[in-house]
Amino acid sequence: RQALHSASDYLPSGFVHTFAFPVAMSLMSRDDFPLPLLGMVHLSNSVEHLRPIHYAEPLTVTAWAENLAGHRAGTSVELIAEVSTGEAGADAVVWRGRSTYLAKGVFLPRLDRPEASGPRPDFTPPPPTALWRLGADAGRNYAMVSGDFNPIHLSRLSAKALGMKRSLAHGMYLASRVVADIVVNRQEPYEWTIDFDSPVFLPAAVSLSISDTEGDDGYSGSTFVGWNQRSLRRHFAGSVRPLPA
């Protein structure tokens, strides 16, 4: 499966996240935000891309946090960002993203922690459709584009200072790259989700499999999974689905 990208006046979904993210980050950096910003680990994303977004449109970003919850490894929180145009009414929202983060090792009082889950089920990788080779500078390069300068992504030394063995790739970089391979100039509304199972430590080689599904009316969505070819450890999995127009 090979994605052919051509120039377009409409914004990729992952790019929309990059200019919505600083608004969410400004919320997380407030003095009254209950979790530390540095060292946050990305757990999952779900996005509704409600219509094509032209690069010249004036856009407004609104962000808020909800669902603070105990996690077996710390405390999780959901950050929601909505991107709107200047139009009036409910149709003004053109993109909505929900990102779940984990403050690892941070246990807040009065939040119940779920019991540790059982052993992770064995993962049998499908035949790969692509292989990504990511250099040690992949985190720094994406930080320059996205504004996400979390030290766990920037270098081995800064990542080790926050308890990581090496720097790791941004979850949104991985998500943006695979969604861009699937959604090539797609004009109808769609949604996509991704769950992160294990970090991609840099440098890395990530095997990827994308599978398309055909329904009675044609294309009905895609699923994808990425993993470490050597250890067979799954890094992420998700899907892209059309939304009703």
Side-chain angles (χ1 to χ4, degrees), residues 17-18 20-47 61-82 96-123 138-140 142-143 146-176 192-202 204 206 225-228 231 233-238:
H17 175 87
T18 63
F21 177 76
V23 180
M25 188 167 63
S26 68
L27 174 67
M28 290 189 283
S29 62
R30 286 171 52 115
D31 291 339
D32 58 353
F33 191 75
L35 300 174
L37 175 60
L38 292 181
M40 281 276 195
V41 177
H42 207 161
L43 297 182
S44 65
N45 275 88
S46 61
V47 168
V61 179
T62 305
W64 67 93
E66 61 186 33
N67 296 334
L68 192 70
H71 186 279
R72 64 182 182 276
T75 302
S76 65
V77 66
E78 295 181 359
L79 273 293
I80 295 84
E82 286 188 343
R96 181 182 296 110
R98 179 181 297 268
S99 303
T100 304
Y101 295 97
L102 169 67
K104 196 172 182 179
V106 178
F107 299 97
L108 298 183
R110 299 184 299 278
L111 290 180
D112 294 332
R113 275 192 294 158
E115 295 183 4
S117 57
R120 183 174 294 177
D122 292 337
F123 169 63
R140 294 190 295 275
Y142 185 73
S146 66
D148 183 354
F149 286 93
N150 190 327
I152 63 175
H153 301 302
L154 302 182
S155 71
R156 181 188 295 264
L157 289 177
S158 61
K160 288 185 74 172
L162 291 172
M164 303 292 175
K165 62 181 182 180
R166 298 200 308 273
S167 63
L168 55 145
H170 293 74
M172 187 49 65
Y173 166 76
L174 303 170
S176 299
W192 57 269
T193 63
I194 187 168
D195 293 305
F196 301 103
D197 295 318
S198 63
V200 175
F201 290 106
L202 300 170
V206 178
V225 60
W227 68 95
N228 183 304
S231 68
R233 191 173 187 181
R234 190 170 74 174
H235 291 308
F236 58 84

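Residues take their numbers from the sequence shown, with the count starting at 1.
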Can you tell me how far the [atom1] atom of [X] sits from the [atom2] atom of [Y], to the nearest 0.5 Å?
{"X": "Leu43", "Y": "Asp195", "atom1": "CG", "atom2": "CG", "answer": "9.0 Å"}
{"X": "Asn45", "Y": "Trp192", "atom1": "CG", "atom2": "CH2", "answer": "5.0 Å"}
{"X": "Phe149", "Y": "Arg140", "atom1": "CZ", "atom2": "CZ", "answer": "11.5 Å"}
{"X": "Leu27", "Y": "Trp64", "atom1": "CG", "atom2": "CH2", "answer": "11.0 Å"}
{"X": "Leu68", "Y": "Ser76", "atom1": "CG", "atom2": "OG", "answer": "7.0 Å"}

Take the angle between the ring planes of Phe196 and Phe236 and call it parallel below 30°, perpendicular above 60°, tilted in between.
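Rings of Phe196 and Phe236: perpendicular, over 60°.
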What pair of heavy atoms forms the shortest contact from [X] to [Y], and how long is it?
{"X": "Phe107", "Y": "Gly74", "result": "CE2-N, 3.4 Å"}
{"X": "Phe201", "Y": "Ala204", "result": "O-CB, 3.2 Å"}
{"X": "Gly139", "Y": "Leu202", "result": "N-CD1, 3.5 Å"}
{"X": "Pro151", "Y": "Ser158", "result": "O-OG, 2.7 Å"}
{"X": "Val23", "Y": "Ala63", "result": "CG1-CB, 3.9 Å"}
{"X": "Leu102", "Y": "Ala73", "result": "CD2-CB, 4.1 Å"}

Selection residues 21-44 - residue pairs positive for salt bridge (charged side-chain N to carboxylate O under 4.0 Å, His left out), sequence neighbours left out:
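Sorted pair list: Arg30-Asp32.
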Applying salt bridge (charged side-chain N to carboxylate O under 4.0 Å, His left out) as the test, list every pair that has at least one member in residues 159-175; sequence neighbours left out.
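Checked against salt bridge (charged side-chain N to carboxylate O under 4.0 Å, His left out) - neighbours excluded - no pair reaches residues 159-175.
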So, do [X] and [Y] sit near enough that their side-chain heavy atoms are less than 4.5 Å apart?
{"X": "Leu108", "Y": "Leu35", "answer": "yes"}
{"X": "His42", "Y": "Ile152", "answer": "no"}
{"X": "Phe123", "Y": "Val225", "answer": "yes"}

Quick one: side chain to side chain donor-acceptor pair (under 3.5 Å) partners of [X], sequence neighbours excluded?
{"X": "His235", "result": "Ser198"}
{"X": "Asn67", "result": "Glu78"}
{"X": "Thr62", "result": "none"}
{"X": "His17", "result": "none"}

[X]: which residues meet the side chain to side chain contact (heavy atoms under 4.5 Å, CB included) condition with it, sequence neighbours left out?
{"X": "Leu37", "result": "Met25, Met28, Ser29"}
{"X": "Pro22", "result": "none"}
{"X": "Asp148", "result": "Phe21, Ser146, Asn150, His153, His170"}
{"X": "Asp197", "result": "Arg120, Arg234"}

Side chain to side chain contact (heavy atoms under 4.5 Å, CB included) between Arg113 and Arg72: does it pass, once the steps are laid out?
CA-CA 6 Å; Arg113 275 192 294 158; Arg72 64 182 182 276; 5.8 Å; no
Could you walk me through whether Thr100 and Ser44 pass the side chain to side chain donor-acceptor pair (under 3.5 Å) check?
CA-CA 5 Å; Thr100 304; Ser44 65; 3.3 Å; yes
